[in-house]
Amino acid sequence: MAKKKYIIYTEDFFAQSSFFVAEHILGAYLVRRNGDHVIERMITEVEIYDGLDDRASHASRGITLRNKIMFGDPGYWYVYLIYGMYSMLNIVTREAGYPAALLIRGVEGASGPGKLTQLYNITRDFNGIRADLKCGLWIEEKGIKRTRYAIERGPRIGIDYAGEMWAQKPYRLCLRKRV
DNA sequence: GGAGTGATGACA
DNA sequence: GTCATCACTCCA
């Protein structure tokens with residue numbers, strides 16, 4: 001019996017449109033390997049931050065020391081601290097020079113980006129690191145039956161400051177089990 | 001509804 | 001250098 005092949009997503013995949021990538025990593029697995037300790041859970045919620053025009057994105061005010069990772073190569077982790085307490089985990093999308101990233105907000109059994117990074121023990125040490133086996137944190141497609149799920153879209157969370165137009169855009173995607 | 005928490009970016 | 005702000009979570 002042939003061994004099932006899983007795909008580890010890398011640069012070429014993440015270089016595509018943020019919306020395409022977002023739809024595909026829903027249902028894929030966020031995998032953390034730290035020595036013998038492995039945690040892998042299905043990604044269930046992401047938000048899209050795409051381009052200089054997106055007023056909700058850190059990139060909207062141009063490149064800075066913090067957000068420069070978003071302007072860099074796709075398939076790298078962008079991790080920053082918010083409210084002095086919580087690390088936010090993002091994966092960079094689109095080609096270098098175009099600022100875009102997906103905020104990974106939830107996996108199975110952990111809702112909320114702050115709780116997710118606590119569960120996975122993800123700190124800013126991952127900022128600017130390539131998502132691959134070597135760093136111990138990556139995204140893997142395991143071939144779940146996507147027909148069992150539906151993607152729900154809604155406005156992003158906590159970005160009312162961005163103005164009505166951007167705050168209302170349906171850039172938050174959730175994976176829901178079909179009933 | 002409101003506090004905790006500290007890095008970041010804007011401005012001087 | 002100062003200062004307001006923040007892609008959150010928990011407790012009331």
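A, B, ... follow the sequence lines: proteins, then strands. Residue 1 opens every chain. Keep in mind that the numbers below use all heavy atoms, side chains included, and drop hydrogens, waters and symmetry copies.
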### Message
Can you confirm whether the side chains of A/H58 and A/Y78 place a donor and an acceptor under 3.5 Å from each other?
### Response
yes
Answer for the Watson-Crick or wobble partner of B/dT5, both distances under 3.5 Å, is none
Less than 4.0 angstrom between a side-chain N/O of A/R105 and OP1 or OP2 of C/dA7, yes or no? no
In whole angstroms, the gap separating C1' of B/dA7 from CG of A/D125 amounts to 15 Å
Note to self: Quick one, A/Q16 and A/H24 - any side-chain contact, counting heavy atoms below 4.5 Å?
What the structure shows: no
Rounded to whole Å, the CZ-P distance (A/R55 to C/dT5) equals 16 Å
Taken to the nearest whole Å, CG/A/N67 to P/B/dG9 is 6 Å
Regarding the side chain of A/M88, the nearest nucleotide among B/dG4, B/dA7, C/dC8 is C/dC8
note: A/I82, atom CD1; B/dA7, atom C1'; distance rounded to Å ~ 9 Å
message = Classify A/G84 by what it touches in the nucleic acid, base, sugar-phosphate, or nothing, heavy-atom distance under 4.0 Å.
response = base
Between OH of A/Y161 and C1' of B/dG9 the distance, given in whole Å, is 13 Å
- What nucleic acid atoms does A/R156 come within less than 4.0 Å of, heavy atoms only: base, sugar-phosphate, or nothing? nothing
- Give one of base, sugar-phosphate or nothing for A/R124, where a contact means two heavy atoms less than 4.0 Å apart. sugar-phosphate
* Is A/D54 paired with A/R156 through a side-chain N to carboxylate O contact shorter than 4.0 Å? -> yes
Per atom distances to the A/Y86 side chain, the nearest of B/dA10, B/dT5, C/dC8 is C/dC8
State whether the distance check finds a donor on one side and an acceptor on the other, under 3.5 Å, for side chain A/Y80 versus base B/dA7. no
By the Watson-Crick or G-U definition, both distances under 3.5 Å, C/dA7 is matched with none
- Look at A/E108 together with A/K177 and state whether they make a salt bridge at an N to O cut-off of under 4.0 Å. no
Exercise for review: Give a yes/no verdict on base stacking between B/dG6 and A/Y83: centres under 5.5 Å, planes within less than 30° of parallel.
Suggested key: no
Worksheet entry | Side-chain heavy atoms of A/T93 within contact of A/F20, under 4.5 Å | no
Picking from B/dG4, B/dG9, C/dA7, the nucleotide nearest the side-chain atoms of A/N90 would be C/dA7
Separation of C/dT5 atom P from A/L81 atom CG, nearest Å, is 19 Å
Between CD of A/E45 and C1' of C/dT9 the distance, given in whole Å, is 14 Å
Taking any heavy-atom pair under 4.0 Å as a contact, classify A/L103: base, sugar-phosphate, or nothing.
base
Closest to the side chain of A/M85, out of C/dC8, C/dA7, B/dT5, is B/dT5
Rounded to whole Å, the CG-P distance (A/L102 to C/dA7) equals 16 Å
